[in-house]
Amino acid sequence: MSIAKTYSPAQAEEKWYSYWLQHNFFRSVPDEREPYTIVIPPPNVTGVLHMGHMLNNTIQDVLIRRARMKGKNACWVPGTDHASIATEAKVVAMLKERGISKKDLTRSEFLTYALEWKDKYGGIILEQLKKLGASCDWERTKFTMDEDMSESVIDYFVHLHKKGWIYRGVRMVNWDPQSKTAVSDEEVNRKEVNQKLYYIKYEVAGDEERVADEERTSHNAQRSQSYLTIATTRPETIMADAAICINPNDERYTHLHGKKVFIPLINREIPVILDNYVTMDFGTGCLKVTPAHDLNDYELGQRHKLPVIDILNDDATLNEKAQILVGEDRFAARKKIAVLLEEAGALEKTEDYTSQIGFSERTNAVIEPRLSMQWFCKMPELAKPALEYVLNGDVKLIPEKFINTYRHWMENVRDWNISRQLWWGQQIPAYYLPNGEFVVAKTKEEALAEAHKIDASLTIENLTQDEDVLDTWFSSGLWPMSVFDGVRNPDNAEINYYYPTNDLVTAPEILFFWVARMIMAGHELRGQKPFTNVYLTGIVRDKLGRKMSKSLGNSPDPLELIEKYGADGVRVGMLLCSPAGNDLMFDESYCEQGRNFANKIWNAFKLVKGWEADDSIAPNNQVAIEWFGSRFNQALVDIESDFKQYRLSEALMTTYKLVWDDFCAWYLEMVKPVYQQGVEKQKIDRETYNATVSYFQDILKVLHPYMPFITEELWHDELFGTRTPLDCCIVAQLPVIGQINTRLVADIEVVQQVIAQVRNTRNGNKLSPKDALPLAIKANSAINYKEYEGVIKQLGNITELSLVDGAVNGANSFVAGTDEFFISLNIEIDAVAERERLEKEQDYLIGFLRSVNAKLQNERFMANAKPEIIENELKKKADAEARLKIVEDNLRGLAG
RNA sequence: GGGAGUUUAGCUCAGCUGGUUCAGAGCAUCUGCCUUACAAGCAGAGGGUCACUGGUUCGAACCCAGUAACUCCCA
């Protein structure tokens, strides 16, 4: 039976993924084995698979598959997150397309539409993950708004409220006027924006006569005592001004102390107040104070007991309190008021100005600082222990550099605004009494019982639940617990078995949003960390270093990549360029490398498959077999240590080189039988055949976490005998580390150099690889070259291998280790080139010896260096001297 | 403005506690090969002032100080 020349992944992927599912290999239930648990960072229901997910989930799958193959009870819990703002926005948009306005719907009607939307689109990303090979326990798939999950969220809210850590208050919040909800500080992106600074004149009350005088005598309006000038980027908010503030030390304005001024256009009178907050050298030194529309002004207003005049609606249009431009959008109003001010002679000038503006992470709308009644969660009490877990190493951040960032955030954390003015999410379990008081309880019935303590006459109809929902992070903070029902039933078998989970793989951007909050919730509800290791991946960028984004169009479609290079190829490609915690410059060529690797494995398999064991052939590959066994075990040691340090791409590279270089390029070439004409299968001795097949199987195991599909495909080939349905690579146990013959490995390293030099000699003399040559060896080292005669002959295409005591005249020579090698070619050797080569080496060795001797003759080196270092230097000296002697002998031979 | 990080071959990255013949790997490049597993390949080769300047040290890619460029976080 002939097999294809190249590996075609599509079919194998389809076949084995459903096979694994069918045989429940991803399923985990608690048993007596040690658990290994990962909870997926739940992607948004609005999302589609992007490169960040590919990276993140490839890593998780590698970890989970490896754990499974180490005999752990591996459990990877998948799921999605309801993403209140983003999803609500999508649903509103969908309704709009159907001609339905959210305003015309009741809450429950809206939620019906939203659920419909979620059912249709919410699972897309999980389906896409299957194409990647993700071995999640799909039976456990969770959604943050599942009934039990929501109940957990409500429980947590009630719990925190009872402790007094949740409160309600008017605060300046980040208002997203597009989604009409407050967002947390962390969901605001600040960007430098070019703006204009408007200089606006306010008339000082009681100075009318002077104005006339001044205008006659002076054109310097700035100096006028009748006006003061403020600079602002937001002229449309002057109608909300409550005061003008100046620095009490500002000598320019002492005459304004205790005065009042008129707001232009609306002529409302406001006081001039004094506060050190005002910077004298910024703008004009006069600051308009608008408590309703600026955080700093709000605080200033509080200090000076100023009224709060909110002139904006929730969609950022002006309301009737503005008196003018009512109904206009804030930005339209800004343009119009500039004209009005100009016409009224109140606009002195405008200047270009750049400043930081906040944009909503969800909708990209310009954030409007706005006062509103919100729910807050106190942070210091929660943050303190959560910081401890990381600082004392109970929770490890990988790489460690993120500890600093984490600490900084946790030490400076502000109370968390947890309410969102939306419908999609868990509705806050606060119930208002007719008198405006409220109670917090898990259900309306329990709320009524509470309410009765206040007023025994109340009925359930008298209670109104708070309209707001909770921030999505409030629910995802419970994720590692709630997926095992650990919030509602803190002592159930699953949570006790799987929690704390082992590894979390996520992006540094959500270290605070999510990781910190899970640690807080875990500590608060269970007194336990949610996970031990947090592996932080980088951002996937294109090769120009730009973040991949839809708008740039620089992100490849992951599914197309899989189609093009195979899931295994893409997985390898992702990992090849992904150092932990650093951004990765993704380029398709990495996937190509992955695909090529898969093909290499495929072809190596094809070679072995073409063999047939024959008992009549005497075994003669013991050296090769033992050598590869040692190399294999060395690789296992390295891989183990790489995984301990979460250096996945290094572990992959070790595997890659083990397979490609050691196994394919060296081992298979060593044992490969000479081609036998006219037979269907190449005959090979049984010992070699068995060893090779067994090595191949071990290689498949080691490769499996990275390349699950091709390994499973080959695993089931008849080459490995018949397999029971459950005998699959996915659940095979990784090979245990065995003996390493270090002498053999070191010897072969020299042998490999010898072979390379032989090939090189052939190359340099324009000989074909087919030209067999004789090789003479003058061994100065302890290496017994006769032991490696077979290998050298086979790979070097050597006719005759002889050991000699002295230099061979007229032969090409080279040095490997400290041994000398001679190849007698039947052509004249190029004495000039040979001399040049030798002299070059001589120069190098002399220089090298000089530096070694300098060290050895340096008293301070001898006094300070550790003994083993000195010993090493002595060895370097001896080796170099030996080689130098050889080179010089050869040079003399050349001359003679 | 405050803090953190990065800078090593054309590209992406390793390089542990300062000391191996230490300057490495993969990819890319160049040369020669369609050699009965593989041209998605084989065999060879070239390529770096370890960002810069100074310091500590017997010895620095590694430690210290400063400079520059880039990135991220916070205000």
Side-chain angles (χ1 to χ4, degrees), chain A residues 2-7 185-186 190 356 399 401-409 412 508-509 511-512 538-539 541 543 545 547 565-566 569 573 576-579 581-587 589-590 592-611 641-642 645 647 649-650 652-654 656-657 660-661 664-665 668-669 672 674-677 682 755-764 766-770 795 797 817 844-845 848-849 851-852 854-866 868-873 875-877 879-880 883:
Chain A
S2 70
I3 58 177
K5 202 169 170 180
T6 53
Y7 168 61
D185 291 338
E186 291 78 22
R190 287 175 195 284
Q356 295 275 347
K401 66 176 178 184
F402 288 108
I403 295 175
N404 275 337
T405 330
Y406 182 82
R407 174 169 51 202
H408 184 259
W409 192 77
N412 296 288
E509 299 131 77
L511 190 57
F512 318 129
I539 296 167
R541 297 173 179 278
K543 63 176 172 181
K547 207 166 165 172
Y565 301 105
L576 280 174
C577 58
S578 62
N582 284 331
D583 290 355
L584 53 120
M585 309 299 161
F586 179 80
D587 186 76
S589 64
Y590 290 107
E592 194 181 339
Q593 194 180 345
R595 178 202 60 181
N596 293 354
F597 185 42
N599 196 47
K600 185 73 188 177
I601 298 163
W602 182 259
N603 276 290
F605 186 81
K606 215 174 115 181
L607 173 70
V608 177
K609 184 119 172 92
W611 295 348
S641 121
D642 286 337
Q645 300 169 74
R647 299 160 73 143
S649 59
E650 307 250 322
L652 170 59
M653 190 42 71
T654 303
Y656 181 93
K657 287 193 278 193
W660 201 307
D661 298 342
C664 294
L668 289 179
E669 293 298 335
K672 184 163 127 183
V674 182
Y675 186 74
Q676 303 142 36
Q677 203 97 37
Q682 301 293 304
I755 290 162
Q757 289 278 29
V758 169
R759 288 167 174 167
N760 219 347
T761 305
R762 215 181 251 116
N763 232 342
K766 304 244 181 305
L767 295 174
S768 154
K770 286 175 184 162
L795 296 187
N797 192 15
Y844 170 79
L845 286 168
F848 180 73
L849 265 176
S851 80
V852 174
K855 277 190 206 177
L856 290 170
Q857 283 155 18
N858 184 321
E859 282 170 31
R860 303 186 69 168
F861 172 75
M862 298 304 281
N864 294 323
K866 281 178 277 186
E868 57 267 31
I869 302 286
I870 295 175
E871 206 170 301
N872 226 320
E873 293 299 317
K875 185 172 178 301
K876 278 156 70 175
K877 179 183 157 95
D879 284 354
R883 288 191 62 160

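All of these numbers come straight from a predicted model, not from anything done at the bench.
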Please enumerate all protein N or O atoms sitting under 3.5 Å from an N or O of nucleotides 59-64 of chain B, with distances to 0.1 Å.
none

Between the protein and nucleotides 27-29 of chain B, are there any N/O to N/O pairs under 3.5 Å, and if so, what are the atom names and distances?
| residue | atom | partner | partner atom | Å |
| --- | --- | --- | --- | --- |
| B:C27 | OP1 | A:Tyr656 | OH | 3.4 |

Open item on the list: Just to be sure I follow the notation: if a pair is Watson-Crick (purine N1 to pyrimidine N3 plus N6-O4 or O6-N4) or a G-U wobble (N1-O2 and O6-N3), each under 3.5 Å, what dot-bracket string does RNA chain B give, with | for pairs to another strand?
Closed with: (((((((..((((.....[....)))).(((((.......))))).....(((((..]....)))))))))))).

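A residue-by-residue look at A:Met585 and A:Phe861 shows that A:Met585 has its nearest nucleotide of RNA chain B further toward the 5' end. In terms of position on RNA chain B, the residue among A:Lys770 and A:Val852 whose nearest nucleotide sits closer to the 5' end is A:Val852.
Contacts of A:Lys5 classified as side chain to side chain donor-acceptor pair (under 3.5 Å), with partners at least two apart in sequence or in another chain: none. Judged as a side chain to side chain contact (heavy atoms under 4.5 Å, CB included), and not counting sequence neighbours, the contacts of A:Thr405 are A:Phe402, A:Phe512. With sequence neighbours left out, A:Asn599 forms a side chain to side chain contact (heavy atoms under 4.5 Å, CB included) with A:Thr6, A:Tyr7, A:Trp602, A:Asn603. Legend: residues meeting side chain to side chain donor-acceptor pair (under 3.5 Å) with A:Lys855, ordered by chain and number and at least two apart, are A:Glu873. Listed by chain and number, the residues in a salt bridge (Lys or Arg N to Asp or Glu O under 4.0 Å) with A:Asp587 are A:Lys543 (sequence neighbours excluded). For the salt bridge (Lys or Arg N to Asp or Glu O under 4.0 Å) test, no residue two or more places apart in sequence or in another chain qualifies with A:Lys606. Legend: residues meeting side chain to side chain donor-acceptor pair (under 3.5 Å) with A:Arg762, ordered by chain and number and at least two apart, are absent. For A:Phe597, the ring pair (Phe, Tyr, Trp, His ring centres under 6.0 Å) criterion is met by A:Tyr656, not counting sequence neighbours.
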Task: nucleotides 43-48 of chain B: protein proximity per nucleotide (B base, S sugar-phosphate only, - neither; heavy atom, under 4.0 Å) - done: SSS---

